[in-house]
Amino acid sequence: MNILQTILKKLEECGFRVSTDTRKDITGSIFFALKGEIFDGSVFIREALEKGALGAVTENPEIAEKNIYLVDDVLKVLQAVSRTYRQLFSIPIIAIGGSNGKTTSRELIYEILKTKYKVHTSRENLNNHIGVPLSILSMEQKTEIGVFEIGANHLGEHTELLDILRPSIVIVTNNGLDHLEGFGSPLGVRKANKEIYDWAHKHQAKSLVNSKLPDLMEDSLNLERVLYPICELNISSSIPLTFMFESRKYTTHLIGDYNIENIHLALSVGKSFEVNVKQALDAVSQYLPSSKRSQFVKLGNINVILDCYNANPSSMKLSLKSFFRSAKFPRGIILGDMLELGRYSEEEHKKIVQYVSKQEIDCAVFIGDNFRKALSGEKITHYWFLNSSEARNWFQDQKFDGFTILLKGSRGTAVEKILDT
């Protein structure tokens, strides 16, 4: 019996319960001591065992105790284990990729499907080479439908994740300007997202495709596909997102009319699984967005739109357009740098500054060195800060009573720190 078979046998005995973080409940699990550039999980093995882990997988040959499994690559073993666990399920598995809207779409789909089925989805944003295996392994055996998110920042990564997940249904939300540093160009983004369709064609998976997006229609041409939107939703307000369907008004907890695409996608998935449209729309209305995604927050007498979990030029422009269409005066924006844009960074930040300069606005704040460069030579009244901590100190001394303020920026900028007291 080789080491992988030994680990699999141990996992079968504990119901495939795995752990990677000793800060969480790890009782009865096998601890995988993942190693990265700035962390080494093997230093926590003793703590993991003391907290109830049944064993540990490590690359460190110096740790030689009972139930310690020495391997060449902990991550590859974790991925192999998740592949084996995935094979225990003969249920519909949905994989959602694309540039923008993946997490909101996944959560909306989950809310709709759970009205009728036992559905699994990650409670966290586990969409990469580590997260997808962990999300698979957290799926309960009585699950009827699995809904997973896949993310990538370089070519080939989608294919690797799909080979682990092996979905029966794939979705690309859109082609945007995300991770340009890794993908190389907007064409590279489209090529990376097309990997999802190519995998589906090779493995006879079905695809749900937005019929209003010509690039996705072209790239999915040879697939078995279901097209959406499946119904008409007429937007009446963006803050919060409110729409009409068959003379009934639906008010959501989402902010921004761009979220209507995510709702259309979720409704089409619901219809594919025979969920009643009105029941699905009720689920959409009750859905609470995850932290810092299209959230509405009251800060005293200030209305804050928190849309700063992440940002790229596409999502930034969509948020700004929706904001300027709908936000009442007085209004302001606080924008943090968009990261991972590579050679496109200067151009894309400059486009955002120029767009904002043409809008009616009472206060514009920019954070980060990329925006500093983009502001040079532009005629726009603004405040600039190097980081969110500096901006927070300024923000707390201002009087923004009655304002509606949009916060948007990449995760590394952490624009939400401005609200910390």
Side-chain angles (χ1 to χ4, degrees), residues 20-21 23 34 36-39 96-107 122-132 134-135 148-154 157-158 161 173-174 176-183 189 192-193 254-256 258-259 262 288-297 304-320 323 333-342 344-345 348-349 352 365-372 374 384-392 395 405-420:
T20 59
D21 189 343
R23 293 169 296 183
L34 293 168
E37 293 181 6
I38 58 174
F39 66 90
I96 306 166
S99 296
N100 301 312
K102 295 187 294 295
T103 299
T104 300
S105 294
R106 173 178 59 78
E107 293 180 348
S122 170
R123 293 290 83 195
E124 302 171 75
N125 191 29
L126 299 174
N127 67 6
N128 64 7
H129 57 296
I130 298 173
V132 169
L134 291 175
S135 189
F148 295 82
E149 181 180 334
I150 56 172
N153 58 20
H154 60 265
E157 191 170 5
H158 280 135
L161 295 175
T173 56
N174 47 59
L177 299 177
D178 61 320
H179 301 295
L180 288 173
E181 187 172 35
F183 293 135
V189 174
N193 287 330
L254 290 161
I255 301 295
Y258 51 87
N259 275 302
N262 303 325
L288 296 173
S290 55
S291 180
K292 297 179 281 293
R293 284 186 170 91
S294 299
Q295 278 188 306
F296 183 78
V297 177
V304 179
I305 299 171
L306 270 177
D307 192 20
C308 53
Y309 184 84
N310 220 333
N312 59 55
S314 303
S315 67
M316 180 79 81
K317 194 71 174 287
L318 286 170
S319 291
L320 288 169
F323 177 79
I333 57 169
I334 302 176
L335 306 182
D337 273 356
M338 301 174 290
L339 307 178
E340 297 184 54
L341 297 184
Y344 291 89
S345 182
E348 294 300 332
H349 281 86
I352 295 297
V365 179
F366 299 91
I367 300 171
D369 201 49
N370 291 321
F371 270 125
R372 179 188 64 79
W384 174 84
F385 300 95
L386 178 62
N387 55 52
S388 294
S389 296
E390 287 186 7
R392 178 188 60 208
F395 182 81
I405 299 177
L406 169 68
L407 271 62
K408 183 73 176 173
S410 282
R411 187 84 306 271
T413 314
V415 181
E416 72 280 0
K417 282 185 178 179
I418 285 180
L419 306 182
D420 291 347

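Among Asn387, Asp337, Asn370, the one residue that satisfies the side-chain contact (heavy atoms from CB on, under 4.5 Å) test with Thr413 is Asp337.
When every heavy atom of Asn259 is checked against every heavy atom of Ile255, the shortest pair comes out as ND2-O, 2.9 Å. Looking at every heavy atom in both residues, Ser388 comes nearest to Ala414 through OG-O, 3.1 Å.
Formation of a donor-acceptor pair under 3.5 Å by the Ser345 side chain with backbone atoms of Leu341 is not found in this model. Side chain of Asn174 to backbone of Asn100: a donor-acceptor contact under 3.5 angstrom is found. Here the side chain of Arg411 pairs a donor or acceptor atom with the backbone of Cys308 at under 3.5 angstrom. At least one donor-acceptor pair closer than 3.5 Å links the side chain of Lys408 to the backbone N or O of Asn310. Glu107 places no side-chain N or O within 3.5 Å of a backbone atom of Thr104 that could act as its donor or acceptor partner. Side chain of Ser99 to main chain of Gly176: a donor-acceptor pair is present (N/O by atom type, distance under 3.5 Å, no hydrogens or angles). Judged by distance alone, the side chain of Ser410 and the main-chain N or O of Leu339 form a donor-acceptor pair under 3.5 Å. The closest donor-acceptor contact from the side chain of His158 to the backbone of Ala192 lies under 3.5 Å.
Side-chain contact check for Leu177 versus Val189: every heavy-atom pair is 4.5 Å or farther apart. Using a 4.5 Å cut-off on side-chain heavy atoms (C-beta onward), Phe183 and Asp178 make contact. Residues Thr20 and Ile130 are not in side-chain contact: their nearest non-hydrogen atoms beyond the backbone lie 4.5 Å or more apart. At least one side-chain heavy atom of Ser294 sits less than 4.5 Å from a side-chain heavy atom of Tyr258. Side-chain contact between Ile334 and Phe395 is present, with heavy atoms from C-beta onward closer than 4.5 Å. Residues Leu254 and Asn262 have side chains not in contact (no heavy-atom distance under 4.5 Å, counting atoms from C-beta outward).
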Report the C-alpha separation of Ser122 and Glu149 in whole Å, then their side-chain angles, then the decisive distance to 0.1 Å, and conclude whether the side chain to side chain donor-acceptor pair (under 3.5 Å) test is met.
CA-CA 8 Å; Ser122 170; Glu149 181 180 334; over 6 Å; no

Show the numbers, then the answer: is there a side-chain contact (heavy atoms from CB on, under 4.5 Å) between Val365 and Ile405?
CA-CA 10 Å; Val365 179; Ile405 299 177; over 6 Å; no

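To the nearest 0.5 angstrom, Ile352 atom CD1 is 4.5 Å from Met338 atom CE. Between the CD1 atom of Ile367 and the CG atom of Leu386 there is a distance of 10.0 Å, given to the nearest 0.5 Å. Rounded to the nearest 0.5 Å, atoms CG (Asn127) and CD1 (Ile96) are 11.0 Å apart. Between the NE2 atom of His129 and the CG atom of Leu161 there is a distance of 9.0 Å, given to the nearest 0.5 Å. Considering CZ of Phe39 and CG of Leu34, their distance stands at 6.0 Å, rounded to 0.5 Å. For the atom pair Arg293 CZ and Leu306 CG, the distance stands at 12.0 Å (nearest 0.5 Å).
A donor-acceptor contact under 3.5 angstrom links the side chains of Asp307 and Ser319, judged on distance only.
Listed by chain and residue number, Phe371 satisfy the ring pair (Phe, Tyr, Trp, His ring centres under 6.0 Å) test with His349 (two or more places apart in sequence, or in another chain). Taking the side-chain contact (heavy atoms from CB on, under 4.5 Å) definition, one finds that Leu288 meets it with His253, sequence neighbours left out.
Salt bridge absent: Lys417 and Glu390 never bring a charged side-chain N and a carboxylate O closer than 4.0 Å.
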